Structure formats: structure tokens, C-alpha cells
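Labels below follow one simple rule: chain letters A, B, ... track the order of the sequence lines, proteins then strands, and each chain is numbered from 1. Quick note: numbers below take in every heavy atom, side chains included, and nothing from hydrogens, waters or symmetry partners. Computed from a predicted model, the values in this text were never measured in an experiment.
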Amino acid sequence: MMPRKREFAYWIFARELRDSTVIQENQEEERSKPYVITPLGSRVRRVLFCGTVTQKNSEENMTKVTVTDGTGNFYLTAFANDFGIQGKIMLDDLEINDPVTVMGRVSTFKNEDKIYFNINPEIALKTDEISLKFWNLRARHSARRKIYAIRVASAGQDMKKEDIMQKGYSSEEAECAIRSVHNYPDYNNQDFEASITTGSGQAVKRPDEKNNRDFVLSYIKSNDSDGKGCRYEDIIAAAKNSSISQDDVDNLLNDLGSEGEIFEVSLKRYKGI
Amino acid sequence: MRAQDEFKKISGLSSGTQNVNIHAKIVSLQQKTLKNDKGETVYFYGILGDDTGTISFTAWTFPGTMRAGDIVEIKNCSVREYNNVNRIYIDAKSEVILKPGDSMEVKRTFKELKIKNLTLGAPYVTIEGTVSNILEKDMERDGVTVKLYYGDLEDDTARIRLTSFGVPLKDGDSLRFEGAKVSEYQGRLRLTINDKTKVTPVKLSYKIGDHLLNISEIDNAVGGITVQGFAVTMGPKSGLVIRCSQCNERLEDLRCPDHPDAPQSYDLFAYFTLDDGTGHIQCTGGKMALLPVLGIKNEEFIPSNTSISRRSVQTGLTENILGKSLVVSGDVAKNQMGLSLRARSLQYMNEDHMKKFSTLLEADFQ
């Protein structure tokens, strides 16, 4: 029997997964989970990411944890069954504000034309600042290379994988670029690139108040994932990753509310106007 | 003479040509078995040469009686590019005819490669690097005593074992070898040189560094490389290994069957998967690499230390490796499961590693 090839774990930001709208069923393995085709063309079934725990809900049979990486949230669920018990034990060990490293399988749910993504953790362990930075650096580098490859793929008609590889991109990057152009021709890569350089956990020094204000406003507008408003804890965690203190965030939320840019839709939930 | 009967010289072959006839010497010949769902397929590969140069070939059928050194006529083969290099393909419509009385001088052409790019597919190469860890000994060869030098060769990409038959080598020498032979021994690539290899001193334009690679760049069983990533699985059989202090054999029982009175000694073994975002590789580690991770000094790692048990070691290894961002330096070896990295050292990622990594990645966009 041939050894089974290990599923690749993509180091991707939460926003790349959240913005995904294309699901590809695996025809060869009927019972296996489908692949998610992301806007950068990654064909994802397993992800590896680092972030901060912002929410945890632990019950006897199930634990749910939300992890933010500064660009958005990953939602983790583990059940107390034969397959999920190890994952549940790991999730139960986590506390709010813990920095974590997670590797897990992506599950997808469709509801009224909207796709929701859930991560079934294989590992979910507390980590340190250096590991957060390391993950961020690599994930950002991979994403930027993919964006540049997409530009090459978009530049000419019917660009082939070999044409893109000749420009110095790997086989995987070239395949991703072609998938991206095919599935997401109108995706705003520029906006995505801006979000991973400013919003990601890579501690970017924000030189002035206007940048902080723009960051918080942009984060609220782009992270209302369930339609009930962006959660205060997520804003704080993302801001912390970008070196903005909680006091500054509180002041900015007040200012943005007064200026009519945002409103508090329910307790500690914010929506952009 | 009809065009289809013409014999071409190797230096005149161009990619995309069909029905090619050549008269050549088999410089090297190897075979490989491919396994897939449909069963097993054997194919042959190697190097052909004539008085104008050499070329690699792949043959889906090849006479079993042929050996390296034979002179052959090959008819109706094709030439295509593989990895940017021309290659001859021999298939069912090709004909391979042995020419027993012929002799041929082959003009050796050696591809100039970096250590990390060495493969068995290019068995003779030109390579540059600095030699180190050189030891020497005398050996008998065909009734003659030959001085054998062995050690390492290192360039800016990796390190490889180097063996020299009769050509003196000295630690710290930077040398260029034209016609060094690449072979595999115990799953690792090695280079061999002899009096036919042209050896010249060179001044290298680079400094030997950490050989920091992406996992996706590791194609071959070379040594002295460093990778960094997250440990994402931990082998369940990782842990404490108890050995006989006399014969060093692993003990399944309390006593060694051959040395029942010899005391036990402690060793460590762990295997885990490292993922760096570009790929993953199986890593293995022994005592010297793992003890620092466990926070135990070598002199404390002894059977009389009651704080050490199988359970404490296994738990310690899992807690201190799984999910952590690690910098692993070591040698790549080929085994049944593919390539694996034997760790010489294991460190946690720190600010210095981050600085180097950041510089490396930033250089990509400049």
C-alpha cells in the first residue's frame, strides 16, 4: 500500500478564509471534506495559524473558541467524541487572551448563500510572542508572493502555469494564481494586502492617531462576520497586535460613535455606518 | 543516406526531436521501480556519452543484458527537455543494439551544481566548496596501499560527505572539483574524488553560513541544513531509550541478554513533523539534540536519577516540542517514507533567528 500523502497545512490569515466563496467537492474521495478555494487561490482543507483567544464557550460535550489574528477570526469547535476529544481537551486548556498556535481541518457550512467556516483543531496550544511573529512573517510573505503571482497571471490572457513559474514563482504559487484569476477575477487584492500589513499580528508601529482611527474603523467594517456587529474583544485583540492600547481603542470607539462613523448595535457589538 | 538512418552526435541533439539515432557509450545505468494503484513499473535511467559530450536518458524498456561501459546504437529515440536540461527518451518503438567490438572515448561534461542541487541523476559534477573534518587512513586497493581522506564539503547551500582516494585534502581548503562522483550511502548523498578528478584551489565569493532552507527546497539527502517551523505532530514512540552500557544495544528487557551484569545507560529518541508553511518534513532527534529541550544536563541523564522515567520523558518531549516554533539543524537522509531530517541541534526560535529570517524574506521583494 502506498503511504498516504499528508495534507498540506496552509498558513493563511483569517480574512483569506472568511472572504472565500468557492467550495470544491473532492470527486476522488466522496466522503472526504471538500476543499475551500480562497481568493488567493489556495486549495485549503487544513490550516495552520497563530493568534489570540478572544472568546471561549466550554460545555460538557463541546468547546468553542474564537481566535483572532488581527485580520479576522477563526472559529474553532471540538466535540467530546472519539475523533474530537483530544481537540476538546486542548481547547479547554486555553484561556481568553492566550496566544495560540492552531492546526486544524476546515469544515464548511452553507446557510442562505453564505458560507461559514469552522476549524476542527488537531493541535491548539499556547504559544509565545516570537512564534506569533514568526507565523505572521511567513504567512504575510506567502500571501504577498501569491498576490504578485496573481498580478502576473492577470497580465496576459490564458497565462499558463509554466509562464508564471518562469517569472520566479513556485509550482504551487503558479497554480494558486491561476485558480485565483479563474475563481475570483474581481477580488480586491490590494485591499487584502493592506489588511495583512496593517491588521496582522506583526506588531506594526502606528505613527499617529489618524492611522489608529482608520485601523479600528476598517476592522469594525470588515469583521462583522455574523451580521450582529463586530465584537469589542476582537477589536481589542486586533488592536493589541498592532500596538494600540485598550485605552486608545476605548477613546477611538467613543470618537467614532460621536462622529457617526459607527454605532453600538448591542452591548459591546459595533457596526460601521 | 536517408535522414532517418543518420547518427547524431550528443552535442548536436536538440529538444523536441523525434526518431533520433545515436552511437554512444553507457556511462551509467540504474533502474527504479514505480509503485502505483495499477501495480509496479520498472524504468531505467542513466547517462550516455560520446566524443562530443554526455546526456541523461530515461528508458521505459531496456535490454536486461546491457551494462555500464557497453557501446550501443540507439535508434528511434526522442529528445525532450526535463528540468531545463535535454534528455533522451527510449520507448517501445526504440531499438537498442549492443556493439561488442566498438570502443569509444567519452568527452566528460560536468554540470556545475551547488550541493543542495546534487542528485543521482547527475552522477559526475563540477562543484566548489570548503573541506572540513578531514580524517585519513590507509587502505588496500588492488594490492596497492592508497591513502583515503574523508570528511565534509560545504558551500553556501549545504554540506555533503566527501571521500578522496589518494588526492590529499586539508581542513579549510577551498577547492573546485571537476568530475566529482555523486553516490548514495545509507540514504545520504556523498561525493567521491580520485586521481581522475581535476582539483584546483579557489577563492569562494561567499561566506559559509547556516544553510537556512525552506522545506519545499529540500529535494535531496544533503547535510548541514537548517529549517524552521512548527512541530505539528509528535511520534507516539518518542521517548526514553534504555541501552546496555557495554554493547549499546537497545534493551527491551531489564538486562542485556549478552551482558546481564552490565549496567543500563539512557538514550533519547523523538520523531516529529515540522511544518514551515512551504511544506513539511519528518524530523528525528537523538540525545544530544533533545536533552537541551528537556532541560536536562548530560551528566544528570543517568539511570540513578529517580526523577527520570519513561512517562516523564515522553510528556516532557511532547510538551516541549509539539506546537513550538523550532530551528532544526541537521542532515537529510532518504528512507522508505521519503526524505527525513536527522537533527543535530534543536533550538527554540529567538529574536536572532527572527532577524535573519526577516532579512531573508524581505530580500525576496527587493
Side-chain angles (χ1 to χ4, degrees), chain A residues 1-12 28 42 46-50 86 90 93-94 99-104 121-148 162 165-166 168-173 193 197 202-203, chain B residues 33-40 81 83-84 214-217 227-234 236 272-282 318-327 335-338 340 347-366:
Chain A
M1 201 173 123
M2 291 284 285
R4 194 173 169 151
K5 200 177 169 195
R6 185 182 161 81
E7 183 81 41
F8 190 87
Y10 282 89
W11 294 26
I12 62 170
E28 288 165 19
S42 306
R46 175 186 268 159
V47 289
L48 191 153
F49 56 90
C50 287
Q86 285 303 323
M90 285 191 263
D93 272 350
L94 301 176
V100 287
T101 300
V102 179
M103 183 178 75
E122 294 164 302
I123 59 168
L125 297 161
K126 285 177 201 173
T127 194
D128 51 31
E129 286 297 321
I130 289 280
S131 299
L132 277 178
K133 272 191 198 172
F134 170 56
W135 176 80
N136 243 288
L137 208 57
R138 168 63 83 187
R140 207 152 48 109
H141 178 262
S142 300
R144 283 182 72 197
R145 279 191 62 93
K146 281 183 186 168
I147 290 168
Y148 288 17
E162 290 72 23
M165 286 172 71
Q166 273 189 347
Y169 294 96
S170 68
S171 166
E172 164 72 12
E173 287 165 341
E193 192 178 358
T197 44
Q202 175 67 18
Chain B
T33 305
L34 280 180
K35 289 179 189 167
N36 58 27
D37 298 340
K38 290 173 189 162
E40 288 187 359
E81 224 178 71
N83 281 345
N84 300 320
N214 292 328
I215 291 174
S216 61
E217 292 177 284
V227 290
Q228 42 197 27
F230 287 96
V232 294
T233 69
M234 189 75 199
F272 57 91
T273 309
L274 195 78
D275 188 314
D276 75 346
T278 72
H280 53 263
I281 191 164
Q282 187 81 14
T318 304
E319 283 178 354
N320 293 312
I321 292 178
L322 188 62
K324 301 284 188 272
S325 56
L326 301 171
V327 180
N335 57 31
Q336 288 170 326
M337 301 296 285
S340 73
Q347 296 173 72
Y348 293 118
M349 186 77 86
N350 61 32
E351 287 290 354
D352 283 344
H353 298 129
M354 280 299 294
K355 263 185 213 161
K356 282 183 195 165
F357 185 54
S358 176
T359 309
L360 196 75
L361 294 190
E362 276 165 19
D364 216 8
F365 294 105
Q366 281 164 7

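- For the pair E351(B) and K133(A), the minimum side-chain heavy-atom distance is below 4.5 Å.
- Proximity of R138(A) to L361(B): side-chain heavy atoms (C-beta onward) are separated by under 4.5 Å at one or more points.
- D276(B) and W11(A) share no side-chain donor-acceptor pair at under 3.5 Å.
- For a residue to count as touching a neighbouring chain, one of its non-hydrogen atoms must lie under 4.5 Å from one of that chain's; by this rule E362(B) does not touch chain A.
- Chain B forms the most heavy-atom pairs under 4.5 Å with one residue out of I12(A), T127(A), L48(A), and that residue is L48(A).
- In terms of heavy-atom pairs under 4.5 angstrom with chain A, the leader among L322(B), D275(B), T233(B) is D275(B).
- Interface remark: T278(B) contributes backbone and side-chain atoms alike to the contact with chain A (heavy atom separation under 4.5 Å).
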Could you go through E122(A) and V232(B), starting from their C-alpha distance and side-chain angles, then the distance that decides it, and tell me whether this counts as side-chain contact (heavy atoms from CB on, under 4.5 Å)? CA-CA 9 Å; E122(A) 294 164 302; V232(B) 294; over 6 Å; no

Note to self: Under the criterion side-chain contact (heavy atoms from CB on, under 4.5 Å), I'd like the reasoning laid out for I123(A) against M234(B): C-alpha separation, chi angles, the key distance, then a yes or no.
What the structure shows: CA-CA 11 Å; I123(A) 59 168; M234(B) 189 75 199; over 6 Å; no

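- Around the NZ atom of K356(B), the shell of radius 6.0 Å holds no more than 12 heavy atoms that belong to other residues, nucleotides or ligands.
- Atom CG of D364(B) is separated from atom CZ of R144(A) by 9.0 Å, given to the nearest 0.5 angstrom.
- The candidate from A9(A), S142(A), G168(A), A124(A) with the greatest count of non-hydrogen atom pairs under 4.5 Å with chain B is A9(A).
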